[in-house]
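Excluded from the calculations below are hydrogen atoms, water molecules and symmetry mates; all remaining heavy atoms, backbone and side chain alike, are included. Keep in mind that what you see is a predicted model, and the values were worked out from it rather than measured.
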Amino acid sequence: MKLLQPPGWAAPKGYSNGVAARGTFVAIGGQIGWNAQQAFESDDFVAQAAQALRNVVTVLAAAQARPADIVRMTWYVVDKREYLARLPELGQAYRAIIGRHFPAMTAVEVRALMEDRAKVEIEVTAVRAEAPPK
């Protein structure tokens with residue numbers, strides 16, 4: 001995997017402008033802040049984001065992939081102001097779950113998500129490196 005940073009561009013904070021990778025493509029549908037039984041344990045934005053990220057890691061593991069294999073992440077949030085106001089807490093939760101890996105990212109404010117209690121939905125694309133031939 002190679003992070004793409006065009007010459008002369010200011011370094012992005014908390015994401016990459018682009019990623020080039022080779023391996024097994026892993027598409028992860030939007031994950032929201034509910035648990036494995038599809039029950040919300042909190043209505044707090046950061047708690048839901050953290051649960052959504054843990055869900056992403058669980059799906060990655062089902063593909064024998066890791067957070068470091070993520071090449072693209074799209075965040076759908078229902079409240080841009082809350083997202084921006086809580087970035088320090090959100091960043092702390094992100095680093096605790098994903099680590100210091102910052103793929104290409106997009107964040108979009110949406111009017112609503114399909115689950116009424118959901119405050120955030122995270123969609124991920126990963127590329128798992130192939131094992132070297134034996």
Side-chain angles (χ1 to χ4, degrees):
M1 180 180 311
K2 178 182 176 186
L3 301 181
L4 306 175
Q5 177 63 19
W9 283 28
K13 293 181 178 158
Y15 67 96
S16 296
N17 286 306
V19 177
R22 183 176 304 184
T24 299
F25 179 83
V26 180
I28 299 178
Q31 298 298 306
I32 60 176
W34 62 15
N35 62 27
Q37 287 70 47
Q38 299 181 350
F40 287 95
E41 296 175 4
S42 176
D43 288 316
D44 178 74
F45 172 73
V46 173
Q48 284 196 15
Q51 182 61 56
L53 290 169
R54 285 191 291 275
N55 294 345
V56 164
V57 171
T58 300
V59 177
L60 284 168
Q64 298 177 331
R66 306 164 302 142
D69 296 321
I70 297 170
V71 296
R72 180 177 172 76
M73 187 177 276
T74 304
W75 294 61
Y76 301 95
V77 299
V78 296
D79 187 340
K80 171 186 166 182
R81 286 183 178 83
E82 183 172 23
Y83 172 86
L84 293 172
R86 301 201 57 200
L87 272 176
E89 295 168 82
L90 189 58
Q92 185 176 10
Y94 178 95
R95 289 185 302 277
I97 298 162
I98 303 297
R100 292 190 136 323
H101 175 65
F102 305 105
M105 264 190 240
T106 301
V108 180
E109 182 181 38
V110 295
R111 190 171 70 150
L113 295 166
M114 297 310 291
E115 289 295 327
D116 288 335
R117 287 181 65 187
K119 295 187 174 198
V120 59
E121 185 164 340
I122 303 170
E123 184 180 63
V124 165
T125 302
V127 177
R128 189 191 76 221
E130 297 296 335
K134 293 184 180 185

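Taking every heavy atom of both residues into account, I97 and A50 meet most closely at CD1-O, 3.4 Å. Listed here is the closest heavy atom pair of V57 and I98: CG2-CD1, 3.9 Å.
By the rule that hydrophobic residues join a cluster once side-chain heavy atoms approach within less than 4.5 Å of another member, I32 and V46 end up as members of separate clusters. Both M73 and L87 are members of a single hydrophobic cluster when ILVMFWY side chains are connected at heavy-atom separations under 4.5 Å. Both V120 and M105 are members of a single hydrophobic cluster when ILVMFWY side chains are connected at heavy-atom separations under 4.5 Å.
For the salt bridge (charged side-chain N to carboxylate O under 4.0 Å, His left out) condition, the pairs that include at least one residue of residues 45-68, sequence neighbours left out, are R66-D69. For residues 41-73, the set of pairs meeting the ring pair (Phe, Tyr, Trp, His ring centres under 6.0 Å) definition, not counting sequence neighbours, is empty. Counting only residues at least two apart or on different chains, the ring pair (Phe, Tyr, Trp, His ring centres under 6.0 Å) pairs with a member in residues 73-95 are Y94-F102. Residue pairs meeting the salt bridge (charged side-chain N to carboxylate O under 4.0 Å, His left out) criterion with at least one partner in residues 112-124, sequence neighbours excluded, are D43-R117. Under the side-chain hydrogen bond (donor to acceptor under 3.5 Å, both in side chains) criterion, the residue pairs touching residues 3-15 are Q5-N17, with sequence neighbours excluded. Residue pairs meeting the side-chain hydrogen bond (donor to acceptor under 3.5 Å, both in side chains) criterion with at least one member in residues 28-39, sequence neighbours excluded: N35-E41. Sorted by first then second residue, the salt bridge (charged side-chain N to carboxylate O under 4.0 Å, His left out) pairs that include residues 25-37, not counting sequence neighbours, number zero. Here salt bridge (charged side-chain N to carboxylate O under 4.0 Å, His left out) pairs that include residues 87-114, with residues two or more places apart or in two chains, are R86-E89.
Between the NE2 atom in H101 and the OG atom in S16 there is a gap of 7.5 Å [rounded to 0.5 Å].
With sequence neighbours excluded, the residues that form a side-chain contact (heavy atoms from CB on, under 4.5 Å) with V71 are M1, V19, A21, T125, V127. A85 meets the side-chain contact (heavy atoms from CB on, under 4.5 Å) test with no other residue; sequence neighbours excluded. Evaluation of the side chain to side chain donor-acceptor pair (under 3.5 Å) rule for T24 yields R128, E130 as partners, not counting sequence neighbours.
Contact of the V78 side chain with the V110 side chain is registered, since non-hydrogen atoms from C-beta on lie closer than 4.5 Å.
Evaluated for a side chain to side chain contact (heavy atoms under 4.5 Å, CB included) with I28, the options V56, I70, I122 yield exactly one hit, V56.
Grouping Ile, Leu, Val, Met, Phe, Trp and Tyr by side-chain contacts under 4.5 Å, direct or through others, leaves M114 on its own.
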